[in-house]
Amino acid sequence: MNVAIVGAGPAGLYLAILLKRDDASHQVTVYERNRMEDTFGFGVVFSDETLENVGEADAETNRAMAAAAAHWEEIEIHYRGTVTRSTGHRFSGLERKTLLELLARRAQSLGVEVQWQREIRDLSDCGLPAADLIVAADGAASLIRDRLPEQFQPQLDWRRNRFVWLGSTRPFPAFTFYFKPSPAGLWRTHAYQYAPGRSTFIVEAREETWKASGLDENDEPATVTYLEQLFQEELQGHRLLANRSIWRRFPTVRNPRWRSGNVVLLGDAAHTAHFSVGSGTKLAMEDAIALAAALKSESSIPAALAGYETGRRAQVESLQRAAQASLEWFESAERYHDTEPLQFAFNLLTRSLRITHENLRVRDPALVAKVDRWFADEAAKQSERPLPLDPPPPPLFTPYRLRELVLPNRIVVSSMCQYRAADGLPNDWHLVHLGSRAIGGAGLVMTEMTDVSREARISPGCCGMYLPAHVAGWKRIVGFVHQESEGKIGIQLAHAGRKGSTRLLWEGEDEPLAEGNWPLIAPSPIPYRSHNQTPREMTRGDMDQVLADFVRATRMADEAGFDLLELHLAHGYLLASFISPLTNRRTDEYGGSLANRMRYPAEIVTRVRAEWPAAKPLSVRISATDWAPGGLEAQDSVEVARMAVAAGADIVDVSAGQTVPEGKPVYGRQFQTPFSDRIRHEARVPTMTVGNISSPADVNTILAAGRADLVVLARAHLWDPYWTRHAAADLGYSLPWPPMYATLNRYTPRMR
């Protein structure tokens with residue numbers, strides 16, 4: 001097989017090694033536009049586990065890499081005059097030039113031809129036309145990939161922060177982060193040793209901070225002088241080193257396809273991962289391992305390329321999601337710059353979701369014990385409830401106060417429509433559904449979306465609060481929760497708006513009723529989908545009637561004994577459709593600017609707050625983004641949250657999407673928590689977070705990092721009504737079962 005590899009980075013060279021080692025008859029040629037000594041950057045970083053895994057593919061390369069690497073276990077975080085150290089992380093640093101030299105030597109020793117300073121600008125260049133396989137390993141700005149834009153459809157997201165990749169003669173003993181304020185703004189530094197007396201020193205800042213510094217992106221001497229002065233104390237008399245050290249913006253590269261004909265993308269040409277997770281070189285070399293294995297096992301090149309992409313994509317996209325979370329954390333570091341140093345450090349360590357509270361406990365139990373103690377102390381002060389001193393409870397089992405309501409823990413059962421009511425009346429199904437989850441240990445159980453009038457329902461099976469019988473039905477359920485559990489119960493009030501008059505979920509989601517439809521209202525006469533009913537544009541009279549319905553339902557909710565009330569301002573229902581520009585096209589005072597679009601929802605919040613007892617908290621659920629072009633964006637939701645709290649809300653339940661059917665959510669683990677995090681820190685309001693959260697480790701991480709005050713679980717509670725009690729057992733925390741189940745208390749939970 002004749003293989004042409006464009007790019008002599010780690011991906012291209014390692015692939016060449018593996019191909020030639022597996023079959024000496026392969027003709028493998030590597031083309032590189034630069035000289036080897038022109039490599040960008042000083043050192044690359046691997047976890048020790050990655051170094052071992054990558055090296056196992058070729059034992060000789062593994063030995064050479066391990067011998068040349070610097071090793072350390074600690075991470076140091078320098079923030080607001082404090083230093084937080086975390087151990088147990090096991091990293092290795094390796095000089096990039098050394099890595100390329102040893103890979104090139106190994107490749108050439110096997111018979112690979114490496115042609116330096118040979119730029120390949122087109123598929124017709126050099127020996128490419130004769131090649132059976134062309135590998136584009138020529139980096140994020142791949143010329144080969146960009147010659148075939150229709151085939152690969154590359155997506156480049158140039159991130160907003162600026163960074164410069166420098167070296168230093170200071171041998172940093174740990175992976176070190178500095179957060180350095182200056183008159184120009186906040187600077188962040190990522191520093192680690194890669195060889196004796198040599199370290200990488202990456203400095204990153206927001207665009208506006210970089211501009212305020214007066215530095216030009218191509219002025220290396222000025223950059224070095226400025227940063228040596230800025231980090232004089234941190235450098236301890238050592239110098240900064242430059243090598244093509246210009247200010248850059250990081251490109252996140254994605255490609256819907258990695259192969260076309262006999263051309264395949266490898267490494268940064270196919271995908272990038274931000275340097276803050278240290279995984280770019282890892283991804284590149286693991287790509288090479290996967291492609292070499294596919295070429296060895298498959299009978300044809302097309303089958304091998306298909307197998308490579310199918311088998312590798314999920315792993316890459318998972319790591320890219322982690323890298324995206326990490327880079328966004330560093331882009332927004334200013335958001336956290338007034339948090340307590342210990343929480344700031346924990347937040348940084350868990351930013352990518354790859355390390356959780358429990359993962360970190362295994363690595364560094366002493367640090368996690370300090371975090372838990374601090375969090376429990378803060379919870380005791382906030383809730384005015386004493387907590388055990390030693391050991392402190394896990395974060396999820398600390399209390400939380402909203403007005404005079406004190407929740408026994410931070411777990412909330414999400415509002416989940418059941419479609420089992422008749423004319424809004426809750427029944428035995430709702431008693432069992434909500435009651436079992438209260439017995440299951442959740443601190444707060446929320447009713448499903450409960451509609452304020454018959455016409456406000458989504459479907460004929462939806463619950464309501466508009467008839468006297470509803471009060472009695474709900475009072476029965478509330479009484480059970482209060483009598484048989486330590487948990488509290490809240491009601492979510494709503495109006496379906498243009499998403500109403502539809503079938504039960506299992507009969508056709510969002511599909512209009514075959515018969516018996518009722519008229520719909522909305523801020524603008526826009527149907528949810530073309531075949532759904534077109535709503536009538538609301539008049540002021542309609543608004544007054546809906547407002548009266550909410551006020552009546554609020555009084556009834558208090559009569560039923562609910563502990564908390566939530567207004568549904570999310571998911572494209574009536575109040576949400578006022579907020580989104582996609583569903584509100586009004587030209588009066590209730591349309592146009594965000595402040596105008598929030599006018600009517602805020603009016604509802606204010607009136608409901610006035611009717612709801614002062615001792616009881618009021619929540620609002622919002623959609624932080626519409627996930628659709630022209631719709632509500634994350635930055636808008638910060639203002640929505642501020643306005644909702646100003647109108648009387650005590651906490652914001654942060655969800656996302658479901659506004660328009662064409663919305664394209666970006667799913668993943670904890671995929672909506674970043675919105676809660678942003679709102680909590682930028683709007684300075686308490687938040688609840690939702691969205692694919694299922695493990696106690698994730699809940700503890702979210703809380704301890706300060707990304708939310710309460711954690712809302714939906715499907716996890718459908719799967720396991722006793723989720724909270726099982727979480728206690730998993731964490732070694734004593735949460736006694738009800739006396740009727742007292743025999744379960746004989747079992748000792750797993751202790752930490």
Side-chain angles (χ1 to χ4, degrees), residues 414-417 449 451 455-459 462 492 494-505 508-513 517 519-538 542 546 567-587 590-601 604 620-641 643-644 652-668 671-672 674-676 678-679 690-692 714:
S414 188
S415 296
M416 294 176 281
C417 289
M449 175 174 155
D451 302 304
E455 296 76 22
R457 294 174 298 165
I458 304 170
S459 78
C462 290
Q492 185 188 79
H495 190 300
R498 72 180 191 144
K499 295 178 78 173
S501 193
T502 61
R503 303 175 191 179
L504 305 183
L505 175 66
E509 187 174 8
D510 298 320
E511 289 295 319
L513 291 170
N517 285 281
L520 303 180
I521 55 174
S524 299
I526 307 169
Y528 183 65
R529 290 183 300 193
S530 59
H531 65 282
N532 287 90
Q533 184 185 156
T534 299
R536 184 181 81 252
E537 181 170 299
M538 291 176 71
D542 294 323
V546 170
L567 293 174
H568 203 333
L569 275 61
H571 300 169
Y573 297 117
L574 182 68
L575 300 183
S577 61
F578 270 91
I579 301 171
S580 172
L582 297 176
T583 50
N584 184 343
R585 308 284 176 78
R586 300 177 74 99
T587 58
Y590 299 101
S593 68
L594 179 58
N596 279 1
R597 300 196 309 272
M598 268 296 291
R599 189 186 301 271
Y600 183 60
I604 297 280
V620 294
R621 172 168 278 201
I622 68 170
S623 283
T625 176
D626 290 334
W627 268 313
L632 206 70
E633 301 285 354
Q635 62 268 26
D636 301 321
S637 66
V638 175
E639 295 306 314
V640 170
M643 287 186 270
V652 180
D653 183 357
V654 185
S655 186
Q658 301 183 52
T659 305
V660 291
E662 63 269 24
K664 294 183 178 179
V666 181
Y667 291 112
F671 70 109
Q672 296 180 97
F675 302 120
S676 167
R678 180 171 186 171
I679 289 169
V690 303
N692 203 9

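Positions are given from 1 along the sequence. When reading the values below, keep in mind they use all heavy atoms of this one structure, side chains included, and skip hydrogens, waters and symmetry mates.
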Test item: Arg457 side-chain N/O and Cys462 main-chain N/O as donor-acceptor pair under 3.5 Å
no
Does Arg586 use its side chain to pair, donor to acceptor, with the backbone of Gly592 at less than 3.5 Å?
no
What's the spacing between Phe578 CZ and Arg597 CZ if we round to 0.5 Å?
12.0 Å
Candidate pair Asn596 and Tyr590, rule side-chain contact (heavy atoms from CB on, under 4.5 Å), full reasoning:
CA-CA 5 Å; Asn596 279 1; Tyr590 299 101; over 6 Å; no
Do His531 and Glu511 have side-chain atoms, one donor and one acceptor, less than 3.5 Å apart?
yes
Would you tell me whether Ser501 and Asn517 have side-chain atoms, one donor and one acceptor, within less than 3.5 Å of each other?
yes
Option from Val652, Val654, Val690 for which side chain to side chain contact (heavy atoms under 4.5 Å, CB included) with Phe675 holds:
Val654
Leu632 and its side chain to side chain contact (heavy atoms under 4.5 Å, CB included) partner, picked from Thr659, Ile622, Leu594, Leu582:
Leu594
For the pair Thr583 (side chain) and Ser577 (backbone), establish whether a donor and an acceptor sit closer than 3.5 Å, ignoring hydrogens and angles.
yes
What do the steps show when you test Met598 against Ile579 for side-chain contact (heavy atoms from CB on, under 4.5 Å), and what is the final call?
CA-CA 6 Å; Met598 268 296 291; Ile579 301 171; 3.7 Å; yes
Determine whether a donor-acceptor pair (N or O, by modelled atom type, separation under 3.5 Å) exists between the side chain of Asn692 and the backbone of Gly668.
yes
Donor-acceptor contact present, side-chain Asp636 to main-chain Glu633, <3.5 Å:
yes
Under 30°, 30 to 60°, or over 60°: which ring-plane class applies to Trp627 and Phe671, parallel, tilted or perpendicular?
parallel
Exercise: identify the closest heavy-atom pair between Ile458 and Lys499
CG2-O, 3.7 Å
Just do the side-chain contact (heavy atoms from CB on, under 4.5 Å) check on Ser655 and His571 with the steps written out, would you?
CA-CA 8 Å; Ser655 186; His571 300 169; 2.8 Å; yes
I'd like to know if Asp542 and Arg536 make a salt bridge, using a cut-off of under 4.0 Å between side-chain N and carboxylate O.
yes
Closer than 3.5 angstrom, by distance alone: can the side chain of Arg529 be matched with the main-chain N or O of Asp510 as a donor-acceptor pair?
yes
